[in-house]
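Atom set for the values below is all heavy atoms of this structure, side chains included, hydrogens, waters and symmetry mates excluded. By convention in this document, chain letters (A, B, ...) are assigned in the order of the sequence lines, proteins followed by strands, and residues within each chain are numbered from 1.
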Number of protein chains: 2
Amino acid sequence: MARDTRVGILEAATDLFGVRGVDAVSLDVIAAEVGVAKQTLLYWFPSKDDLVQAVLVQAATQLSVAIEAAIRSANDDPLDRIEAVVRAVFRPAVRRPALLGLIREVSRLSPTVGERFQSELRPLVDRAVAYLHKEMDRGRIRHADPRLIAGLCYATVTGIATEPEVLRSVGWQPTTAELRRLRTELLAFLRAALTPVP
Amino acid sequence: MARDTRVGILEAATDLFGVRGVDAVSLDVIAAEVGVAKQTLLYWFPSKDDLVQAVLVQAATQLSVAIEAAIRSANDDPLDRIEAVVRAVFRPAVRRPALLGLIREVSRLSPTVGERFQSELRPLVDRAVAYLHKEMDRGRIRHADPRLIAGLCYATVTGIATEPEVLRSVGWQPTTAELRRLRTELLAFLRAALTPVP
DNA sequence: GAATCTGTCTACCAACTGGTAGACAGATTT
DNA sequence: AAATCTGTCTACCAGTTGGTAGACAGATTC
């Protein structure tokens, strides 16, 4: 059973932290959700910060894996690859909005936790930059600061993932079909933005 | 002095709530920041929820005012107007990232608070939808679901406002000049996206 | 079979939370 | 001059929080 407890805690914590926010979720609540004593939770993760960090590192790792897989499965065209990556990122973000909520909280959390999260993603980011530069030199993607490209991708993902939430916050109830159309359009815009000018 | 205290509390609360998150900021902290006893704070805002709501309503009002002003000052072209609105929204969002953080939290807060915030923005949203429909019929803007347009604008604003934060979270320290370029480009994309197909 | 390790538990605690009760000083009204 | 109102305060409280101390049962090692 042992290891299962850890996994269960991690899963419950991910969902709860993401949905309600790290501060709003007490250790008691997580423990109750998992069906275990709070002390058991503190046995696996010596402090709440440790738990938060573990959750984030796990999320970063899953993200990395998903992105790598997406890159491999896409064909050679850089625009296709970028779209595949964006899709890979927003798929879990849409399915589990918790994740995005958590990642947004990173900058607020203790610096140690934040840095750990960064360092987990750093290699991927570095590889991406190198790749973009290469393809820009080959003229297969619009020449621009990689940060711009990252910014565009990020805007697309957050646009996609938080739209339902935001639309709802001004009183609109979008259907899933409508959301799918929005996503398609946003992706088309991203692609147009990155296509090299002839 | 009287009224000043209220304003001071509101200001401090806006910043603190936005930066650290509503849950993470206690009444004690706000009171200390303002330099006043906690009870004074509870005199002006009978409960923390009341304070949060007041902060949000104020933010929504300021936003509405800024948007209306931007619309009036822009010339007649709908694309210019949309750009003016987006700029009007992201200017305070960039200057005080606190605001965007707060608005993102709305969906998590107590429903009463959220609804109050919505109702404050509703008239503006309705007018915007009507305006977009009118201009689409006149063929001066690409024909699309107003929600898509709202989504694009939102993605642009969040892209613009949270980029520095996000770039920093993967270890990049963008200069203000770089950020300005990113913003210009994002706005150009938004404009391209909304230009009617010939 | 004694000792240790592993994973879980109950019991407890100090610090902090949002909120209440009520005193009090100065201005305003009667 | 008495009464009321306004804005601020100190003192306090009950509930919750993250975290500690230490008991205990079963498996593993010596």
Exercise. Taking OP1 and OP2 of D/dT17, is either one under 4.0 Å from a side-chain nitrogen or oxygen of A/Ser26?
Worked result: yes

Exercise. At under 4.0 Å, does any side-chain N or O of A/Trp44 touch on OP1 or OP2 of C/dT6?
Worked result: no

Seminar exercise, completed: From CG of B/Asp50 across to P of C/dG18 the rounded distance in Å is 13 Å

Problem set entry | Touch class at under 4.0 angstrom, heavy-atom based, for B/Val29 against every strand present | nothing

Exercise. Are OP1 or OP2 of D/dG7 and a side-chain N or O of B/Thr40 less than 4.0 angstrom apart?
Worked result: no

For this session: Can you see which heavy atom on B/Leu10 is nearest to which on B/Phe45, and at what distance?
Result: CD1-CZ, 3.7 Å

Exercise. Can you check whether B/Thr5 has a side-chain N or O nearer than 4.0 Å to OP1 or OP2 of D/dG7?
Worked result: no

For this session: Figure out the NZ/P separation between B/Lys48 and C/dC16, and round it to whole Å.
Result: 15 Å

Exercise. What's the CG-C1' distance between B/Asp23 and C/dC16, to the nearest Å?
Worked result: 14 Å

Problem set entry | Whole-Å gap separating P (D/dG18) and CG (A/Leu16) | 12 Å

Exercise. Which base sits across from C/dA23 as a Watson-Crick or G-U pair, both distances under 3.5 Å?
Worked result: D/dT8

Seminar exercise, completed: Side-chain contact check for A/Tyr43: nearest option of C/dC9, C/dG7, D/dC9 is C/dG7

Exercise. What's the CG-P distance between B/Asp28 and D/dC12, to the nearest Å?
Worked result: 16 Å

Problem set entry | Shared hydrophobic cluster for B/Val125 and B/Val57 (ILVMFWY, side-chain gaps under 4.5 Å) | no

Exercise. Is the backbone N or O of B/Lys134 less than 3.5 Å from a side-chain atom of B/Asp137, with the two atoms forming a donor-acceptor pair by type?
Worked result: no

Exercise. Roughly how many Å is it from CG in B/Leu42 to P in D/dT10, rounded to a whole number?
Worked result: 14 Å

Problem set entry | Spacing of B/Leu41 atom CG relative to C/dT17 atom P, expressed in whole Å | 13 Å

For this session: Return the value, rounded to whole Å, for the distance between atom CG of B/Leu51 and atom C1' of C/dG19.
Result: 14 Å

For this session: State which of C/dT17, D/dC9, D/dT20 makes the closest approach to the side chain of A/Gln39.
Result: D/dT20

Exercise. Between B/Lys38 (side chain) and B/Ala32 (backbone), is there a donor-acceptor pair under 3.5 Å?
Worked result: no

Exercise. Donor-acceptor pair under 3.5 Å: do we get one between B/Lys38's side chain and the base of C/dG19?
Worked result: yes

Exercise. Across the strands shown, which category fits A/Leu27 at heavy-atom distances under 4.0 angstrom: base, sugar-phosphate, nothing?
Worked result: sugar-phosphate

Exercise. Do B/Thr40 side-chain atoms and B/Val36 backbone N/O form a donor-acceptor pair below 3.5 Å?
Worked result: no

